[in-house]
Amino acid sequence: MSATPPPRYAYLGPAGTFTEAALRQVAAPGDAQYLPQIDVVSALESVRAERADFAVVPIENSVEGGVTATLDTLATGLSLVLLREVLVPITFVLAGRPGTRLTDVTRISTHPHAWAQCRRWINANLPRAVHVPATSTAAAGALLAGGGSGSHLEPGFDAALVAPLTAELYGLEVLAEHVADNERAVTRFVVVGRPGQVPAPTGSDKTSLVVHLPSNDAGALLEMLEQFAARGVNLSRIESRPIGDLLGRYSFSIDAEGHIAEERVAEALMGLHRVCPHVRFLGSYPRADGTAADVRPGTADADFAGARDWVSALREGRAH
Ligand SMILES: O=C(O)C(=O)C[C@]1(C(=O)O)C=C[C@@H](O)C=C1
């Protein structure tokens with residue numbers, strides 16, 4: 001009998017990214033096949049093309065906001081669903097090749113989101129330093145470690161902003177610790193799969209959606225939001241993204257509190273389906289922070305079931 005192969009996880013690599021730290025919370029390296037990718041689009045496309053079973057990608061930084069590459073790739077193309085979210089506290093060190101002096105650093109490489117989280121520190125401590133963008137924090141660390149001492153792989157920068165363990169992984173020297181504008185920065189990651197799987201409700205869930213406005217008329221945004229408000233569904237995130245075809249056309253990326261198995265969330269989705277030209281369901285999945293949904297009086301499952309029974313009875317002439 002052949003053993004089931006371990007699940008394949010595509011993620012933003014190489015080894016040592018914060019995304020890999022998120023993946024480790026989901027599946028230990030011994031229980032899964034780790035497939036590092038150059039960017040989040042490649043990670044998500046690997047799932048669409050069935051080269052991977054799941055992808056782990058960043059979706060929101062506490063400092064920089066939504067990760068637009070993730071939001072936009074999920075919004076169009078073959079449908080994908082979110083299955084779980086994972087929070088990773090973000091701490092950076094400035095690392096260089098052994099022997100580098102902090103005062104000599106003028107070019108720093110890292111992922112643009114990491115740079116955004118350290119801008120004030122850099123301005124205060126290395127005001128002349130410029131940013132050299134990299135595909136990930138660990139990619140910057142790996143390039144730096146691979147270059148120097150006569151190597152033809154001269155990276156064109158002298159330090160990298162990476163996680164403390166990543167500096168160690170690539171044999172880099174820590175030039176400065178606690179490099180951050182906000183010591184409590186957190187990035188939210190999601191586990192993404194192909195449709196056909198909706199995790200069971202836990203009482204602390206989120207439902208993610210992409211919604212186009214009902215019209216271009218005054219009040220269109222309000223009409224969309226009313227679908228949630230009228231059913232007591234709170235939103236934990238809403239951001240607009242350009243649709244891309246014409247200036248002024250936006251798609252809304254939304255996280256709503258609750259699970260599609262709950263009546264109030266299902267009713268809100270039905271309302272959106274009736275009034276909006278496009279609604280993409282991106283999944284219902286457990287919240288990483290475990291916060292229980294706040295169910296307003298009159299919006300519990302039993303309230304909806306009771307109301308439905310009452311209307312049925314009216315229709316059948318059993319009640320007045
Ligand atoms: O470059 C990495 O290590 C990543 O995992 C990407 C990423 C991001 O896209 O936000 C993840 C966490 C940090 O906020 C910085 C960079």
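Quantities reported herein were computed from a predicted structural model and do not represent experimental measurements. When a ligand or atom number is given, it counts from 1 through the structure's own listing order.
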Which one holds for [X] and ligand 1: side chain close, backbone close, both close, or neither close, with close meaning a heavy atom under 4.0 Å?
| X | value |
| --- | --- |
| L12 | side chain |
| I90 | side chain |
| P58 | side chain |
| T187 | side chain |

For [atom], which protein heavy atom lies nearest, and how many Å away is it?
| atom | result |
| --- | --- |
| atom 10 (O) of ligand 1 | N61 ND2, 2.9 Å |
| atom 4 (C) of ligand 1 | T19 OG1, 3.5 Å |
| atom 8 (C) of ligand 1 | H113 ND1, 3.3 Å |

When you measure from the heavy atoms of E20 to every atom of ligand 1, does any distance fall below 4.0 Å? no
Can you check whether G16's main-chain N or O pairs, donor with acceptor, with T166's side chain at less than 3.5 Å? yes
Run the salt-bridge test on [X] and [Y] with the 4.0 Å N-O cut-off and return the result as yes or no.
| X | Y | result |
| --- | --- | --- |
| D158 | R101 | no |
| E267 | R308 | yes |
| E257 | R287 | yes |
| E85 | K206 | yes |
| R241 | E239 | no |

Can you confirm, on distance only, whether ligand 1 has an N/O atom lying under 3.5 Å from any N/O atom belonging to [X]?
| X | result |
| --- | --- |
| Q117 | yes |
| F92 | no |
| T17 | no |

Going by the atom numbers of ligand 1, which of them fall below 4.0 Å from some non-hydrogen atom of T137? 1 (O), 2 (C), 3 (O)
Using the side-chain contact (heavy atoms from CB on, under 4.5 Å) rule, take V275 and E223 through it: C-alpha gap first, then chi angles, then the decisive distance, then the call. CA-CA 8 Å; V275 303; E223 191 184 354; 3.8 Å; yes
Distance-minimising heavy-atom pair for A185 and V63: CB-CG2, 4.2 Å
Would atom 2 (C) of ligand 1 count as contacted, meaning some protein heavy atom under 4.0 Å? yes
Taking CZ in R120 as the centre, count heavy atoms belonging to other residues, nucleotides or ligands within less than 6.0 Å. Is the count above 12? no
